[in-house]
Novice: 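Quick one: this structure, given as structure tokens, is what I'll be asking you about.
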Protein chains: 2
Amino acid sequence: MSYTYEYPHPAVTADICIFSIREGTLKVLLIQRLIDPFKDSWAIPGGFIKMDEDLAVGAARELEEETGVSGVPLEQLGAYGAPDRDPRERVITVAFMALVPSDQMVLAAATDAADAQWFDMDELPALAFDHATILADARARLADKVTNRVTETAKSAFQFLPQKFTLAQAQAVFETLKGEPLDKRNFRKWIAANWDLVDLKEKTSGGRHRPAALYSVDF
Amino acid sequence: MSYTYEYPHPAVTADICIFSIREGTLKVLLIQRLIDPFKDSWAIPGGFIKMDEDLAVGAARELEEETGVSGVPLEQLGAYGAPDRDPRERVITVAFMALVPSDQMVLAAATDAADAQWFDMDELPALAFDHATILADARARLADKVTNRVTETAKSAFQFLPQKFTLAQAQAVFETLKGEPLDKRNFRKWIAANWDLVDLKEKTSGGRHRPAALYSVDF
DNA sequence: AGATAGTGTGTGAACTTTACACCATCCATT
DNA sequence: AATGGATGGTGTAAAGTTCACACACTATCT
């Protein structure tokens, strides 16, 4: 089967930057390419948009196919279309990003991805195509989003916390996402002012230190 | 001549929202389509990206071909790709926006555009495709950009002013771009704090009122 | 001389952001 | 029982930003 057009058409892909936190550090989900170009190098997951699906839908599908990650709200980052960004043919990609809780994710390798793995954002491998650029843009956007307005992206930060969490745990999560340390007192004021925290009247125990109050959050 | 691919490819276009100020109101540059679909309706200028050109370059080219407008820095808004946004075939568009001084622009009609005209943003005709959505997004972005940070977009606001301008003239321009009235004293504080105004030690004359001081701006 | 019409100017209140230090409590050790 | 270690928990002041607001000035026209 082949498809013929009167004029040349580029291929269009969606690429998705999936951020998460594991072991207290910011991670990004990469796949190892099984096929050329950039065979064996790492890349952000993505693939070709189908003719009858919306961009965000296609991005979600590719993400699930390649990594097993599903059900996350994707935010569009923009289109990347340098003529030589793909050596095969002209490929324009629409980049998306999301923040997910990695421990609920079952990573699965699929069709054109050998392996999906979390990488520390500070220790990235060489990336295929212009994915380093896309990822850098996504990282900047993430830091912006998380502590500014109360958006979906900011909400998803709480997914890294257990149902019952301490404020110190919450602070650690937001610091990781923002990429810089936050002041403890100011953070507590901020989180109390911007989110609906429920004081569970419970305390942690077992630590070799003063117990911490537990909270949950209502959206 | 035809082009054949193993998998279906969408067409990719660039569409450009060009804003300007004429007669004190915010205008947008639209073209009347000569061909189906949406023959005779108005649309934001744009067209197919060539295989060897960058997205922004293609956008600039289409803009010039269809309207005669050139040499403006385009800012990417994002990709729009609902599967049915074009009835012919799958077309994904990458939207751009810019702010230009309309009086320097010579409008020219070309290949697939009958006519390029400035429309008042408050009196838009029915638009082809999903251009109403794109334009609304662009309008919101414009208002954001202009008075927040000192960006290229904000700089270009000064193009609507003569070399020597009064602060009242400047205020009118920024009010038009932002879409809401600004406080006179606060505006003067803002412009003095954020831009390098040169007091020309000249005054307007001829008005039936107190003369105004003239300024120019250095970037 | 007086009316007209746009020009030009400062202050205070409310709010947001940032910086900063000390005591409290549990556990483990001695 | 006392001590030290480790983390939890709390308030205030200064600086900066945003916003609202009112009245006198002056060239021109009549």
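As the structure is a computational prediction, the values presented were derived from the model and not from experiment. The chains referred to below are lettered A, B, ... by the order of the sequence lines, with proteins before strands, and numbering in each begins at 1.
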Novice: Check the distance between D:dT7's C1' and A:Q171's CD and give it to me in whole angstrom.
Specialist: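 So the two atoms are 12 Å apart, to the nearest Å.
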Novice: Please determine which of A:V28, A:L30, A:I18 meets the side chain to side chain contact (heavy atoms under 4.5 Å, CB included) test together with A:W118.
Specialist: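 Running side chain to side chain contact (heavy atoms under 4.5 Å, CB included) over A:V28, A:L30, A:I18 with A:W118 returns exactly one hit, A:I18.
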Novice: Is it the case that D:dT28 (base atoms only) and B:K203 (side chain only) share a donor and an acceptor within less than 3.5 Å, ignoring hydrogens and angles?
Specialist: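 It does not, because no donor-acceptor pair links the side chain of B:K203 to the base of D:dT28 below 3.5 Å.
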Novice: So, B:F158 versus B:F174, ring centres under 6.0 angstrom or not?
Specialist: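 Centroid separation for B:F158 and B:F174: below 6.0 Å.
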Novice: Which whole-number value in Å describes the distance from A:R188 CZ to C:dA21 P?
Specialist: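 Those two atoms, CZ and P, are 17 Å apart.
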Novice: Which nucleotide sits closest to the side chain of A:A168: C:dC26, D:dG8, C:dG6?
Specialist: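 My answer, after comparing the listed nucleotides, is D:dG8.
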Novice: The side chain of B:A213 lies closest to which of these nucleotides: D:dC21, D:dG8, C:dG8?
Specialist: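 The closest nucleotide is C:dG8.
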Novice: Give the nucleotide from the list D:dC29, D:dG5, C:dG10 with an atom nearest to the side chain of B:R208.
Specialist: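 That would be D:dC29.
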Novice: Looking only at side-chain N and O atoms, does B:R185 come under 4.0 Å of OP1 or OP2 in D:dC21?
Specialist: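 Looking at the OP1 and OP2 atoms of D:dC21, neither is under 4.0 Å from any side-chain N or O of B:R185.
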Novice: Could you check B:Y215 against A:H209 and say which one's nearest nucleotide on DNA chain C is further toward the 5' end?
Specialist: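 Closer to the 5' end of DNA chain C: B:Y215.
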Novice: Hey, are the side chains of B:V173 and B:Q169 touching, using non-hydrogen atoms and a 4.5 Å cut-off?
Specialist: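 When only atoms from C-beta onward are counted, B:Q169 and B:V173 do not touch, as no gap falls below 4.5 Å.
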Novice: Compare the minimum distances between each of D:dA20, D:dG8, D:dA27 and the side chain of B:P211, then state the nucleotide with the smallest one.
Specialist: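 That would be D:dA27.
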Novice: Salt-bridge test for B:K155 and B:E152: reply yes if a basic N is under 4.0 Å from a carboxylate O, no otherwise.
Specialist: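 A salt bridge links B:K155 with B:E152.
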Novice: Rounded to the nearest angstrom, tell me the gap between atom CD in A:Q169 and atom C1' in D:dG8.
Specialist: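 Atom-to-atom, A:Q169 to D:dG8, this comes out as 12 Å.
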Novice: Just compare C:dG10, C:dT7, D:dG8 and give me whichever is closest to any side-chain atom of B:N186.
Specialist: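 Of all the options, the side chain of B:N186 is nearest to C:dG10.
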Novice: To the nearest Å, give me how far apart NZ (A:K184) and C1' (C:dC22) are.
Specialist: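 My rounded result for the distance is 10 Å.
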